[in-house]
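In what follows, a structure is listed as structure tokens, so that the remarks can point back to it.
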Amino acid sequence: MIQKKYILPLFLLIQIIVLKIASLFPKFIEDYYSNGIYPIISKISRTTFGFTSISIGDIIYGIVLFLVFRWFWKVRKKWKTAWKDNLLKILSFASVFYFLFHLLWATNYHRIPMYEKLEIDKEYSTEELEAFTIKLIEKTNAIHKQITKNDSVKVVVPYSTQEIFDLSVKSYASVEKEFPFLLYEKPSIKPSLISVPLSYMGFGGYLNPFTNEAQVNDCLPKYNFPTTTLHEMAHQIGYASESEANFIGFLASVKSNDIYFQYSGYSFAVKHCLRNLERIEEGSSEKFLPLINSGIIKNFEESKQFHEEYKTFLEPIFKTFYDNFLKLNKQKDGLEGYSKFVGLMIGMERKYGVRSY
């Protein structure tokens, strides 16, 4: 008979094997988890924790971290003599964490990719990217001019954080009319209590998989805020891939009835197109900069200054960790996947033409 202290560590091994096998059958996960169990779990979570604007998940994380550090402090002197029992306790904790993480959200990493669901080709040529970038710049310039009435003035979003959250829910209601699988119910969107640490780590927000709260970094420049919020909401409805969450965030923003949300989405897309051009060939994005209104460039500079202000040695450490985490969860591009949504945008435009955006 297996002793109790070995049960959870053994269960961890079984979980890893089962998930590895299940990941080979994305349609099964799509049908029975992502569109079966998960919507029920997520609604319950958002109903349970969405009643308050305070981030319950951040508080839970704080309590758990405190208890973990306290445990390590208590066992530090007896570690050498009791290392085996302590290791089994760590594995037991990891087993419970792993189970809840995948039951409550992370199994979505293994669902059918969105490009297959939309039946689009996400590969593109440099020429296609350049042509698409010009189209996006023209659209962004037009919206920028409509807001500011002046090419050289940056956009200042006039909304409070809560107003942006409320408009984000309406944006999903708009995009859901065209794409029913993007149905969003039971809002639970909150400014993170750890917004400053998130800024130093280089993150705009995160989804708490245990409470299904969309946590948004409240320090971000406001013109970025709508698209970032919509990105985290995409994670809430079960899209774990960062590129897909970016794509959905872009779609929800440009389909919004609010012009500031449209600007946030289009300027976000332009920035990522320019980054992708740079990945193909260094310096290849420079010829597009004169085409962009100087006020939009000032918004880009606002983002750059924000990241410079919070830049420390911690950011590359956390980003390396998260990059490897994504790769372990079938996101082979890691952090580079954030810009891979450009392929989804081009594929969508190629299939549906001008009416796409």
Side-chain angles (χ1 to χ4, degrees), residues 1-23 29 33-34 37-38 40-42 44-46 48-49 54-111 188 190 192-194 197-198 200-203 205-215 232 235-236 238 240 242 314 317-331 334-335:
M1 184 176 179
I2 301 174
Q3 294 182 41
K4 283 185 178 180
K5 62 182 179 181
Y6 295 111
I7 292 176
L8 285 176
L10 181 60
F11 182 51
L12 176 60
L13 178 61
I14 293 170
Q15 288 181 80
I16 294 171
I17 294 171
V18 169
L19 188 64
K20 189 71 175 176
I21 295 171
S23 69
I29 290 175
Y33 179 79
S34 298
I37 298 171
Y38 176 71
I40 298 170
I41 292 173
S42 63
I44 292 172
S45 295
R46 292 203 293 273
T48 302
F49 299 105
I54 298 172
S55 173
I56 305 298
D58 282 346
I59 294 172
I60 292 173
Y61 276 165
I63 294 171
V64 171
L65 282 174
F66 170 76
L67 293 174
V68 167
F69 283 124
R70 190 180 72 164
W71 181 81
F72 273 107
W73 181 258
K74 287 174 70 175
V75 303
R76 73 191 189 284
K77 293 181 180 179
K78 297 180 180 179
W79 184 264
K80 289 183 179 180
T81 57
W83 67 269
K84 185 177 179 181
D85 284 341
N86 289 332
L87 183 59
L88 287 171
K89 288 178 182 177
I90 292 171
L91 289 173
S92 295
F93 175 83
S95 182
V96 174
F97 180 91
Y98 191 86
F99 175 76
L100 292 174
F101 180 55
H102 286 92
L103 173 68
L104 297 176
W105 180 75
T107 303
N108 286 308
Y109 276 118
H110 308 288
R111 70 189 302 181
S188 183
K190 305 177 183 184
S192 176
L193 297 176
I194 55 170
L198 283 176
Y200 283 113
M201 289 186 278
F203 295 114
Y206 75 97
L207 171 75
N208 189 307
F210 304 103
T211 61
N212 216 266
E213 295 166 295
Q215 313 277 1
E232 301 307 333
H235 285 320
Q236 283 184 301
E242 297 298 348
L314 291 173
I317 295 172
F318 281 105
K319 287 199 167 180
T320 298
F321 171 81
Y322 191 55
D323 181 68
N324 288 307
F325 168 81
L326 290 174
K327 289 174 180 175
L328 284 171
N329 285 282
K330 292 192 72 176
Q331 309 301 304
L335 286 175

With side chain to side chain contact (heavy atoms under 4.5 Å, CB included) as the criterion, how do Thr107 and Tyr38 come out once you've worked through the C-alpha distance, each side chain's angles and the decisive distance to 0.1 Å? CA-CA 9 Å; Thr107 303; Tyr38 176 71; over 6 Å; no

Where do Gln15 and Ser95 land on the side chain to side chain donor-acceptor pair (under 3.5 Å) test, with the steps shown first? CA-CA 8 Å; Gln15 288 181 80; Ser95 182; 3.2 Å; yes

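Centroid-to-centroid, the aromatic rings of Phe49 and Phe210 stay 6.0 Å apart or farther.
Ile56 CD1 to Tyr61 OH: the interatomic distance, rounded to the nearest 0.5 Å, is 13.5 Å. Separation of atoms CG (Asn208) and CH2 (Trp105) is listed at 10.5 Å; rounding is to 0.5 Å. Separation of atoms NE2 (His110) and OG (Ser23) is listed at 5.5 Å; rounding is to 0.5 Å. Separating the CD1 atom in Ile40 from the OG atom in Ser45 is a distance of 12.0 Å, to the nearest 0.5 Å.
Closest approach of Glu213 and Gly57 over heavy atoms only: OE1-N, 2.6 Å. Nearest heavy-atom pair, Ile41 versus Leu103, reported as atom, atom and distance to 0.1 Å: CD1-O, 3.4 Å. Nearest heavy atom pair, residue Ala106 against residue Tyr33, reads N-OH, 4.3 Å. Residues Lys5 and Ser92 come closest through the heavy atom pair O-OG, 4.2 Å. Listed here is the closest heavy atom pair of Pro9 and Leu88: CG-O, 3.8 Å.
In terms of the side-chain hydrogen bond (donor to acceptor under 3.5 Å, both in side chains) criterion, residue partners of Ser55 (sequence neighbours excluded) are, by chain and number, Asp58, Gln215. Legend: residues meeting side-chain contact (heavy atoms from CB on, under 4.5 Å) with Arg70, ordered by chain and number and at least two apart, are Phe66, Leu67, Lys74.
Val75 is not listed as a side-chain neighbour of Lys89, based on a closest heavy-atom distance of 4.5 Å or more. No side-chain heavy atom of Ile54 sits less than 4.5 Å from a side-chain heavy atom of Lys190. Looking only at side-chain heavy atoms (C-beta outward), Trp83 and Lys78 stay at 4.5 Å or farther from each other. Within the 4.5 Å cutoff, the side chain of Tyr98 has heavy atoms near those of the Ile16 side chain. No side-chain heavy atom of Leu8 sits under 4.5 Å from any side-chain heavy atom of Leu91. Between Leu12 and Phe93, every side-chain heavy-atom pair lies at or beyond the 4.5 Å cut-off.
Under a 3.5 Å cut-off, the side chain of Arg76 and the backbone N or O of Trp71 do not form any donor-acceptor pair.
Using modelled atom types, one finds no donor on one side chain facing an acceptor on the other under 3.5 Å when comparing Asn212 with Ser42.
The side-chain contact (heavy atoms from CB on, under 4.5 Å) test with Thr211 singles out one residue from Thr48, Ile60, Ile59, Leu104, and that residue is Ile60.
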